[in-house]
Amino acid sequence: MGRQWKGKVIFHVDINSFYASVERIHDPSLAGKPLAIAGNPKERKGIVVTASYEARAYGVKTTMPVWEAKRKCPGLIIRPPDFDKYRASSAEMFHLLEEYTELVEPVSIDEGYLDMTIPFKEGKTVQNAYELQNRMNRELGLPCSIGIAPNKFLAKMASDMKKPLGVTVLRKREVPQKLWSLPVEEMHGIGHKTAVKLKEWNIFTIGDLAVCSASSLKGRFGVKGKKLSERANGIDYRRVDPEAAKEVKSVGNSTTLSTDVQDKEELMNVIQTLSEKVEIRLKRKGVSSANIQLMIRYSDRQTITRSRKLPNPLFTAAEIKRQAAELLNKHWNGKPVRLIGLTALNVIPHSEAYKQLDLFSYKKDVKEAELSHSIAKLTNKYGDNIISKGSSHKK
């Protein structure tokens, strides 16, 4: 772009109705139907965890009792939560985000921040947002909304402005026009109790909060009061921190095939490529895994995820491929495949991995790890094609 840029460009990516969207990936017959995920769905005391937008149109809401949700929407389909499936889709989501920038901060299982300042300087901001949104929906079956702003708070507020499938830009100078008229409880970071207290002091909108004295707010709420004042004025100094969410413990890669594939050798070639990419990411992050997961999405969008736990942590593409190949042999039903994904779950630092190795395989595995780490450094510097281990690599 032809101008200087001193600020940040932050994306907030939020999956729309995440649990319901994942259920539809695994059961395409649910598309377009009112769906709720609920604990104890067979019991009257069950509570709605989340609902699809079709269900929300009937008034079904999160935390609503199942009996009430069914009364509002007689045709409501209820499924119990399946957190293994949700974690697998979440891992796919963050792997895709990391293709756009290394500065990705997971916030929860279905949302995260991206620092897109460098791509912005290259003139690709909104283009990247729509491409990312399209890929998330097309490749992973996850509809998302994206907020684009100069800081995390405004990016979060922007992503909430248009759901589902919105891309919204919110500039700091637009805060008075676009945010100040909103009820104070709609401001990110303000819960029910805080909203009640603010209203006791005649603060009913975000605009009321913005013009309230910062020192007065700090006196009433402490450090939080100062932050509330800053946020209401569109100020947020927090950086996107990839290390902030330690609970995200997976490294992986997936690819949507250009055509549906039914040839086993071709699928094995894809697994080889994915294994090499996962190895590079493991080495970049300095972690290992003893739990490899294979995801297969068929041409009819039916999706399965299968994992394999091992006694020793894996370091190399060859080891990852070996485990993935066994999973493919055991669980592929022979139907045409649209997408394959490989994920190393429950990753741990190399220092911990070494301690877990067999006494007899320790030296061999460490030697492999050191060689693999050297290769990863070279590919990180010169590109994925600089080195091909062995003679089996096909051009």
Side-chain angles (χ1 to χ4, degrees), residues 10-38 48-64 69 72-73 75-79 81-82 85-97 99-100 104 106-114 116 125-149 152-170 178-179 182-183 185-188 254 256 297 301 303 339:
I10 308 299
F11 282 15
H12 180 261
V13 179
D14 191 1
I15 304 301
N16 304 143
S17 191
F18 178 64
Y19 294 168
S21 296
V22 175
E23 292 296 337
R24 286 171 169 169
I25 294 169
H26 291 262
D27 184 355
S29 71
L30 296 172
K33 297 177 182 177
L35 171 67
I37 311 303
V48 172
V49 177
T50 188
S52 68
Y53 285 90
E54 293 83 358
R56 295 178 195 184
Y58 285 89
V60 177
K61 298 178 180 178
T62 301
T63 73
M64 180 178 284
K72 288 182 175 289
C73 180
L76 184 66
I77 300 169
I78 297 179
R79 292 284 172 89
D82 184 338
K85 287 194 298 194
Y86 306 151
R87 280 189 285 266
S89 280
S90 178
E92 291 179 61
M93 165 195 168
F94 285 108
H95 298 155
L96 181 57
L97 297 183
E99 291 184 26
Y100 290 82
V104 177
V107 179
S108 66
I109 195 169
D110 63 346
E111 62 178 313
Y113 292 106
L114 287 72
M116 296 291 286
T125 311
V126 177
Q127 174 190 334
N128 276 337
Y130 281 107
E131 177 191 304
L132 173 55
Q133 186 185 66
N134 290 334
R135 287 188 63 195
M136 196 78 74
N137 206 10
R138 185 180 68 250
E139 298 179 19
L140 306 183
L142 297 174
C144 70
S145 292
I146 301 176
I148 305 172
K152 290 164 75 171
F153 167 74
L154 292 179
K156 168 66 176 175
M157 294 297 292
S159 70
D160 284 339
M161 287 180 173
K162 186 180 177 183
K163 289 184 176 181
L165 292 171
V167 172
T168 306
V169 178
L170 180 58
K178 293 188 175 181
L179 295 189
L182 297 176
E185 58 266 32
E186 290 190 23
M187 185 173 124
H188 176 57
S254 63
T256 300
R297 178 164 300 149
R301 295 195 70 82
T303 305
L339 177 146

Task: Closest heavy-atom pair and its distance - K163, N16 - done: CG-ND2, 3.9 Å
Side chain of [X], backbone of [Y]: donor and acceptor closer than 3.5 Å?
| X | Y | result |
| --- | --- | --- |
| R24 | G141 | no |
| S159 | G147 | no |
| S145 | K162 | yes |
| S17 | A51 | yes |

Holding to side chain to side chain donor-acceptor pair (under 3.5 Å), I want the full list of residues that pass it with [X], two or more places apart in sequence or in another chain.
| X | value |
| --- | --- |
| S21 | none |
| T168 | none |
| E186 | none |

With a 4.5 Å heavy-atom cut-off, do [X] and [Y] have their side chains touching?
| X | Y | value |
| --- | --- | --- |
| S89 | T303 | no |
| L35 | E23 | yes |
| K152 | K156 | no |
| K178 | M157 | no |
| V49 | Y19 | yes |
| V104 | F94 | yes |

TODO: For the pair E139 and R297, find out whether any cationic side-chain nitrogen is under 4.0 Å from an anionic carboxylate oxygen.
DONE: no
Open item on the list: Restricting to ring pair (Phe, Tyr, Trp, His ring centres under 6.0 Å), what partner residues turn up for F153, sequence neighbours left out?
Closed with: none
Task: Y86 atom OH: more than 12 heavy-atom contacts under 6.0 Å - done: yes
Open item on the list: Are more than 12 heavy atoms, taken from residues, nucleotides or ligands other than K61, located less than 6.0 Å from that residue's NZ atom?
Closed with: no
Task: side-chain contact (heavy atoms from CB on, under 4.5 Å) partners for R87, two or more places apart - done: F83, D84, I109
Open item on the list: Going by the rule side-chain contact (heavy atoms from CB on, under 4.5 Å), which residues pair with Y130 if we only count those two or more places apart in sequence or in a different chain?
Closed with: V126, Q133, V167
TODO: Quick one: do L30 and R79 satisfy side-chain contact (heavy atoms from CB on, under 4.5 Å)? Show the steps, please.
DONE: CA-CA 11 Å; L30 296 172; R79 292 284 172 89; 3.6 Å; yes
Nearest 0.5 angstrom please: [X] [atom1] to [Y] [atom2], how far?
| X | Y | atom1 | atom2 | result |
| --- | --- | --- | --- | --- |
| M136 | M93 | CE | CE | 5.5 Å |
| L96 | L132 | CG | CG | 5.5 Å |
| L154 | I10 | CG | CD1 | 10.5 Å |

